[in-house]
Amino acid sequence: MTTRILVTGASGFIGSHCVLDLLNHGYQVRGSLRNLARGHELESMLQAQGANTERLEWVQASLTSEADWHDAVKDCDGIFHIASPVPTVQPKDPNEVIGPARAGTLNVLNAASSAGVRRVVLTSSVAAVMGGIPEDRVYTANDWSDPDDPDLNPYGISKTVAERVAWDNFKAHDISLTTILPALVLGPAMEKDYGSSLEAIVKLMKREVPLLPKFGFEIVDVRDLAQLHRLAIENDAAIGKRLIAANGFLWFREIAAILHGEYPGQRVPLREMPNWLSFVASFFVKEIGSFINDLGVEKKLDTSPARELGWEPRVPSEAILSGAQSLKDLGLV
């Protein structure tokens with residue numbers, strides 16, 4: 001019998017790629033949507049990528065509605081819990097993202113336990129590993145962000161709280177849990193609603209950032225992230241582990257240089273902003289303010305637990321350029 005996987009947040013950038021990867025590997029997939037009206041559009045998008053959507057179904061579910069998830073998990077063999085608020089700009093009220101993230105995790109675990117679904121892969125974030133005051137070092141799965149740290153932004157708090165809730169509750173629910181912690185997720189967008197992950201490339205290619213703050217990021221391709229979710233649910237060796245998904249650190253100026261080399265006509269900005277000017281700009285540009293503590297800090301990540309499962313991710317330049325080309329193909333840049 002074909003295994004059925006519930007993918008929460010199936011319309012998102014990560015979720016839709018997970019659905020595509022699962023379909024391409026013979027799984028039955030049930031995707032949760034906040035609005036079922038999007039289902040037909042998403043099926044067409046997946047078919048355009050060569051997917052057979054005959055094994056795909058949709059269910060409507062909201063993170064904060066406990067009742068929705070009991071129907072969503074019925075007859076499933078495993079769950080990818082990906083759905084979580086991802087703001088482009090950090091909200092003034094942290095509870096706008098913390099509350100739904102925490103509630104959604106508990107609701108999914110409760111429903112899984114009631115339905116006898118024992119295998120759950122939860123999508124966390126490296127923000128749950130290296131939040132707060134940054135350091136020049138390699139972060140591992142043993143590191144945890146402190147949700148009470150005043151330097152941790154609302155998104156980082158929400159991901160830390162949601163993952164902590166999962167680890168604190170999985171034994172009581174008799175759940176075999178794996179968490180996956182992606183770095184900056186790039187790669188090809190399949191539709192114009194690309195979420196927040198590709199915003200950095202959009203801003204560079206539209207020249208909305210004339211000078212580049214000295215920020216840097218570990219990067220993972222969304223296709224490799226989808227594959228890691230599948231590898232995690234297929235391998236018992238992944239149970240009980242936090243798997244960091246990343247494949248190399250690049251400064252913002254290095255990302256810009258890769259884009260400039262491939263698309264010279266876009267006139268991608270290459271000049272770096274002095275740190276003092278970044279501090280000034282952070283008072284006026286909220287996106288800069290979200291990363292101001294990371295100026296000049298090279299935070300790297302240990303991905304060995306993921307690689308032990310046979311995971312071999314693409315190089316960052318491929319994630320960057322495939323993301324940029326998809327944005328051009330969609331007419332967004």
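Side chains included, hydrogens not; waters and symmetry mates left out as well; all remaining heavy atoms used.
Between S176 atom OG and D236 atom CG the span is 7.5 Å, to the nearest 0.5 Å. Taking OH from Y263 and CG from L321, the interatomic distance works out to 6.0 Å, rounded to the nearest 0.5 Å. Here the NZ-CD distance, from K299 to E218, works out to 10.5 Å after rounding to the nearest 0.5 Å. The structure places CG of L204 at 4.0 Å from CZ of F252, a figure rounded to the nearest 0.5 Å. N235 CG to W311 CH2: the interatomic distance, rounded to the nearest 0.5 Å, is 14.0 Å. Atom CG of residue L332 and atom CG of residue L327 lie 5.5 Å apart, to the nearest 0.5 angstrom.
Looking at L330 and Y194, their side chains never come closer than 4.5 Å, going by heavy atoms from C-beta outward. Residues I320 and L259 are in side-chain contact: their nearest non-hydrogen atoms beyond the backbone lie under 4.5 Å apart. L42 places a side-chain heavy atom less than 4.5 Å from the side chain of L33. Taking 4.5 Å as the limit, some side-chain heavy atom of E57 sits within range of a side-chain heavy atom of R4. At least one side-chain heavy atom of I244 sits under 4.5 Å from a side-chain heavy atom of V126. No side-chain heavy atom of R55 sits less than 4.5 Å from a side-chain heavy atom of V29. In this structure, S84 and V97 have side chains that are not in contact, with every pair of non-hydrogen atoms separated by 4.5 Å or more. At least one side-chain heavy atom of H17 sits under 4.5 Å from a side-chain heavy atom of P188.
Under the 6.0 Å distance and 45° angle rule, R38 does not count as a cation-pi partner of W58.
The two residues A319 and D221 make their nearest non-hydrogen contact at CA-OD2, 3.3 Å. Minimum interatomic distance between A166 and L122 (heavy atoms only, all atoms of both residues): CB-CD1, 3.8 Å. Nearest heavy-atom pair, D71 versus R30, reported as atom, atom and distance to 0.1 Å: O-NH1, 3.8 Å. Summarising the geometry of I98 relative to P154, their closest heavy-atom pair is CG1-O, 4.0 Å, with the distance given to 0.1 Å. Considering every non-hydrogen atom in both V7 and C18, the closest pair reads CG1-CB, 4.4 Å. The minimum heavy-atom distance linking L46 with S16 is given by the pair CD2-O, 3.9 Å.
Cluster annotation: I219 and I180 are assigned to the same hydrophobic cluster (Ile/Leu/Val/Met/Phe/Trp/Tyr, side-chain heavy-atom contacts under 4.5 Å, transitive). Clustering ILVMFWY residues whenever any of their side-chain heavy atoms sit less than 4.5 angstrom apart, transitively, puts I239 in a cluster other than the one holding L6. Cluster annotation: Y139 is not connected to V297 through the hydrophobic network of ILVMFWY side chains, with a link wherever side-chain heavy atoms come within less than 4.5 Å. M130 and V161 are assigned to two separate hydrophobic clusters, defined by single-linkage of ILVMFWY side chains at heavy-atom distances under 4.5 Å. Taking hydrophobic clusters as Ile, Leu, Val, Met, Phe, Trp and Tyr residues chained together by side-chain heavy-atom distances below 4.5 Å, L186 shares a cluster with V202.
When only modelled atom types and interatomic distance are considered, R314 and S322 share no side-chain donor-acceptor pair under 3.5 Å.
Side-chain atoms of W251 do not come within 3.5 Å of backbone N or O of F217 as any donor-acceptor pair. At distances below 3.5 Å, not a single donor-acceptor pair connects side-chain atoms of D77 with backbone N or O atoms of T3. A donor-acceptor distance shorter than 3.5 angstrom exists from the side chain of S326 to the backbone of G323, with no hydrogens or angles considered. Side chain of T178 to main chain of A238: a donor-acceptor pair is present (N/O by atom type, distance under 3.5 Å, no hydrogens or angles). Between the side chain of S65 and the backbone N or O of A61 there is no donor-acceptor pair closer than 3.5 Å. Judged by distance alone, the side chain of T8 and the main-chain N or O of I82 form a donor-acceptor pair under 3.5 Å. Under a 3.5 Å cut-off, the side chain of S113 and the backbone N or O of L109 do not form any donor-acceptor pair. Put simply, the side chain of H260 never gets that close to the backbone of A256: no donor and acceptor are under 3.5 Å apart. Judged by distance alone, the side chain of Q266 and the main-chain N or O of M205 form a donor-acceptor pair under 3.5 Å. Looking only at distances, a side-chain donor or acceptor of S145 sits under 3.5 Å from a matching main-chain atom of A127.
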Under the side chain to side chain contact (heavy atoms under 4.5 Å, CB included) criterion, do Q325 and E262 qualify, and how do the steps go? CA-CA 10 Å; Q325 187 59 52; E262 186 72 14; 5.8 Å; no
Under the side chain to side chain contact (heavy atoms under 4.5 Å, CB included) criterion, do L243 and L309 qualify, and how do the steps go? CA-CA 10 Å; L243 305 176; L309 300 177; 3.6 Å; yes
I'd like to know whether L20 forms a side chain to side chain contact (heavy atoms under 4.5 Å, CB included) with M190, so could you lay out the CA-CA distance, the side-chain angles of the two residues, the decisive distance to 0.1 Å, and finally the verdict. CA-CA 10 Å; L20 178 62; M190 293 191 284; 3.8 Å; yes
Evaluate side chain to side chain contact (heavy atoms under 4.5 Å, CB included) for H81 paired with L63, printing each intermediate quantity in order. CA-CA 10 Å; H81 180 42; L63 284 173; 3.9 Å; yes
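The stretch residues 123-147 participates, sequence neighbours left out, in these salt bridge (charged side-chain N to carboxylate O under 4.0 Å, His left out) pairs: E135-R137, R137-D143. Note on residues 165-181: pairs passing salt bridge (charged side-chain N to carboxylate O under 4.0 Å, His left out), not counting sequence neighbours, are R118-D174.
Atom CZ of R119 sits in a crowded spot, with more than 12 heavy atoms from other residues, nucleotides or ligands closer than 6.0 Å. With a 6.0 Å radius and a threshold of 12 heavy atoms from other residues, nucleotides or ligands, R307 has its CZ atom above the threshold.
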